[in-house]
Amino acid sequence: NIGFLLDALPQALRRRPDMRLWRITSNRVMFISFDTFRDVTPHAAARNGQPLPANPLRDVRVRRAISMAINRPLIVERLMEGEAIAAGGMLAEGFFGASPRLPPPGFDLDGARRLLREAGYPDGFRLTIHGPNDRFPNDERILQAVAQMLTRIGIEVRAEAMPFNLILSQGGPPNYAFSAMLLGWGSNTGEASSPLRGLVASVDRERGLGVANRGRYSNPALDTIIVRALGTVDDGARRSLLEQAQEQAMADQALAPILYQVNIWATRGGVAYVPRADEFTLARFFTPAP
């Protein structure tokens, strides 16, 4: 008898009387990252294919419009079969430093179109979003769904799926080859400092900041809060700073969170498993079921 982490949970498995399921909210968030560093980004163009004079992803209104156009509950229901949680922050509520004041953004196509008009893109633009097809549960299907959703606000999206090792090698230093990416991040420390430090802190290799900041987002005010939190030992003060940092990152739409995974193991009858947020499957956590 063994347990295994499912990539997708078919309805048929739930109906099997000889199987038991063990669930826990993951420390992993799936999100869209944005190139906010370059004045001109390589995979964005006008609807007619002509180059854009500026990188639209540097405008917070465009990033916010993209986030508002993503129907997170539909992705959770249809693609994840209900086995995920719509995300508004960088770590699910209940983990240390995760803000309880970051609900999933409301799905609002009219509001998203209005923001694009205000940003100077009334007709939208073309954008390629790159993402993996072999790393996370339903990663390519999520990528395709996001692409279809963004077409409804005038952003003509091409979804480019590829092996995860290519996403890492081409999407990070020194090439930074992509404009937007579907990615995932798991906080093995169990607190919000992990995604804050890795994903949205300004890139500073010497201090270990921004090591996975593939859009090279930079906000000095946010950096100050993150560094203060990392140097704070008192739990209450550290938690408050981490919550504040997450809220500031989301106010500036540093990235667009989509969902928090739910980790699921299935065992045969007579075997129990203690599910883990970090996705590890370890023999010592299997026990005889009562």
Side-chain angles (χ1 to χ4, degrees), residues 28-46 49-60 62-63 66-67 90-91 125-136 139-140 142-143 146-147 150 155 157-189 192-227 229-230 245-246 248-250 252-258:
R28 185 176 302 280
V29 61
M30 298 295 297
F31 63 94
I32 300 291
S33 75
F34 305 109
D35 173 13
T36 61
F37 180 78
R38 288 174 282 209
D39 292 330
V40 176
T41 194
H43 294 282
Q50 295 299 308
L52 290 170
N55 175 3
L57 301 175
R58 295 193 70 175
D59 193 317
V60 65
V62 173
R63 301 195 298 271
I66 289 173
S67 182
M90 300 163 69
L91 192 61
F125 54 89
R126 292 183 182 178
L127 178 68
T128 299
I129 302 180
H130 293 80
N133 56 12
D134 61 356
R135 173 66 174 176
F136 307 108
D139 46 14
E140 185 172 3
I142 294 171
L143 179 65
V146 169
L150 295 186
I155 300 179
V157 175
R158 178 186 175 193
E160 186 74 27
M162 60 183 63
F164 187 61
N165 67 317
L166 294 181
I167 292 290
L168 292 182
S169 61
Q170 297 181 26
N175 299 318
Y176 293 102
F178 307 137
S179 296
M181 288 176 280
L182 173 71
L183 295 168
W185 181 268
S187 173
N188 285 335
T189 65
S193 61
S194 174
L196 287 165
R197 178 177 190 157
L199 300 177
V200 297
S202 298
V203 177
D204 186 335
R205 300 293 173 181
E206 290 186 1
R207 294 198 293 173
L209 300 175
V211 294
N213 185 347
R214 301 182 183 279
R216 289 180 286 180
Y217 173 83
S218 182
N219 182 335
L222 176 59
D223 292 339
T224 298
I225 302 171
I226 293 173
V227 171
L230 292 173
Q246 268 202 103
Q248 183 158 333
M250 291 301 99
D252 199 32
Q253 207 68 71
L255 49 80
I258 298 176

Undergrad: Going by salt bridge (Lys or Arg N to Asp or Glu O under 4.0 Å), name the residues that satisfy it together with Arg28, two or more places apart in sequence or in a different chain.
TA: Glu279

Undergrad: Got a list of side-chain donor-acceptor pairs under 3.5 Å for residues 164-173, not counting sequence neighbours?
TA:
residue	atom	partner	partner atom	Å
Ser169	OG	Asn165	O	3.1
Ser169	OG	Leu166	O	3.3

Undergrad: Please identify each residue that fulfils ring-ring contact (aromatic ring centres under 6.0 Å, His included) with Phe37, with sequence neighbours left out.
TA: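 For Phe37, no residue satisfies ring-ring contact (aromatic ring centres under 6.0 Å, His included) once neighbours in sequence are set aside.
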
Undergrad: For a quick test of reading the model, state the closest non-hydrogen atom pair linking Leu143 to Gly131 and the distance between them.
TA: CD2-N, 3.8 Å

Undergrad: Taking ring-ring contact (aromatic ring centres under 6.0 Å, His included) as the test, write out the residues that go with Phe125, two or more places apart.
TA: Tyr121

Undergrad: Report the residues that fulfil side-chain contact (heavy atoms from CB on, under 4.5 Å) with Asp59, sequence neighbours left out, ordered by chain and then residue number.
TA: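 Residues passing side-chain contact (heavy atoms from CB on, under 4.5 Å) with Asp59: Arg61, Val62, Ala119.
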
Undergrad: Measure from the side-chain N and O atoms of Asp139 to the backbone N and O of Asp134, and report whether any donor-acceptor pair falls under 3.5 Å.
TA: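 Yes; at least one donor-acceptor contact below 3.5 Å.
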
Undergrad: Can you name the side chain to side chain donor-acceptor pair (under 3.5 Å) partners of Asn219, sequence neighbours left out?
TA: Tyr217

Undergrad: Once rounded to the nearest 0.5 Å, what's the spacing between atom CE of Met162 and atom CG of Asn133?
TA: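 The CE atom of Met162 sits 8.5 Å away from the CG atom of Asn133.
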
Undergrad: So, taking the atom named OG in Ser194 and the one named CG in Leu199, what distance separates them when rounded to the nearest 0.5 Å?
TA: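 Going from the OG atom of Ser194 to the CG atom of Leu199 covers 7.5 Å.
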
Undergrad: To the nearest 0.5 Å, tell me how far Arg126 CZ sits from Ile155 CD1.
TA: 13.5 Å

Undergrad: Does the side chain of Pro195 reach to within under 4.5 Å of the side chain of Gln246, using non-hydrogen atoms?
TA: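 The answer is no; the side chains never approach within 4.5 Å.
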
Undergrad: Taking Arg58 as the fixed residue, which of Thr41, Thr36, Asp39 is the one that meets the side-chain hydrogen bond (donor to acceptor under 3.5 Å, both in side chains) rule?
TA: Asp39

Undergrad: Name the atoms and distances for all side-chain donor-acceptor pairs under 3.5 Å in residues 202-212, with sequence neighbours left out.
TA:
residue	atom	partner	partner atom	Å
Ser202	OG	Ser218	OG	2.6
Ser202	OG	Asp223	OD1	3.4
Ser202	OG	Asp223	OD2	2.5
Asp204	OD1	Glu206	N	3.3
Asp204	OD1	Arg207	N	3.3
Asp204	OD2	Arg207	NE	3.0
Arg205	NH1	Val211	O	3.4

Undergrad: Quick one: closest heavy-atom pair of Gly184 and Met30, and the distance?
TA: CA-SD, 3.8 Å

Undergrad: Using side-chain contact (heavy atoms from CB on, under 4.5 Å) as the criterion, list what pairs up with Pro42, not counting sequence neighbours.
TA: Asp35, Arg38, Ser179

Undergrad: side-chain contact (heavy atoms from CB on, under 4.5 Å), that's the test. Do Leu255 and Val200 meet it? Break it down for me.
TA: CA-CA 8 Å; Leu255 49 80; Val200 297; 3.8 Å; yes

Undergrad: Using the test salt bridge (Lys or Arg N to Asp or Glu O under 4.0 Å), find all partners of Arg63 that sit at least two apart in sequence or belong to another chain.
TA: Asp252

Undergrad: For the pair Glu160 (side chain) and Thr128 (backbone), establish whether a donor and an acceptor sit closer than 3.5 Å, ignoring hydrogens and angles.
TA: no

Undergrad: Could you tell me if the side chain of Leu182 sits less than 4.5 Å from the side chain of Ile32, heavy atoms only?
TA: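 The answer is yes; the side chains approach within 4.5 Å.
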
Undergrad: Supply the atom-to-atom distance Ile66 CD1 to Leu57 CG, rounded to the nearest 0.5 angstrom.
TA: 5.5 Å

Undergrad: Just to verify, what does Ala229 make a side-chain contact (heavy atoms from CB on, under 4.5 Å) with, not counting sequence neighbours?
TA: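 With sequence neighbours excluded, Ala229 shows a side-chain contact (heavy atoms from CB on, under 4.5 Å) to Leu241, Leu242, given in chain and number order.
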
Undergrad: On a heavy-atom basis, which atom in Ala201 and which in Asn213 lie closest, and how many Å separate them?
TA: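 Between these two residues, the closest heavy atoms are O-ND2, 2.9 Å.
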
Undergrad: With sequence neighbours excluded, what pairs up with Ser33 under the side-chain contact (heavy atoms from CB on, under 4.5 Å) test?
TA: Phe31, Met181, Leu183

Undergrad: Under the ring-ring contact (aromatic ring centres under 6.0 Å, His included) rule, collect the residues that match up with Phe178, sequence neighbours excluded.
TA: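 Per chain and number, Phe178 pairs via ring-ring contact (aromatic ring centres under 6.0 Å, His included) with His130.
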
Undergrad: Rounded to the nearest 0.5 Å, how far does CG of Leu230 lie from CZ of Arg197?
TA: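 Those atoms lie 5.0 Å apart.
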
Undergrad: Rounded at 0.5 Å granularity, tell me how far CG in Leu196 sits from CG in Leu222.
TA: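 Nearest 0.5 Å value for the CG-CG distance: 6.5 Å.
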
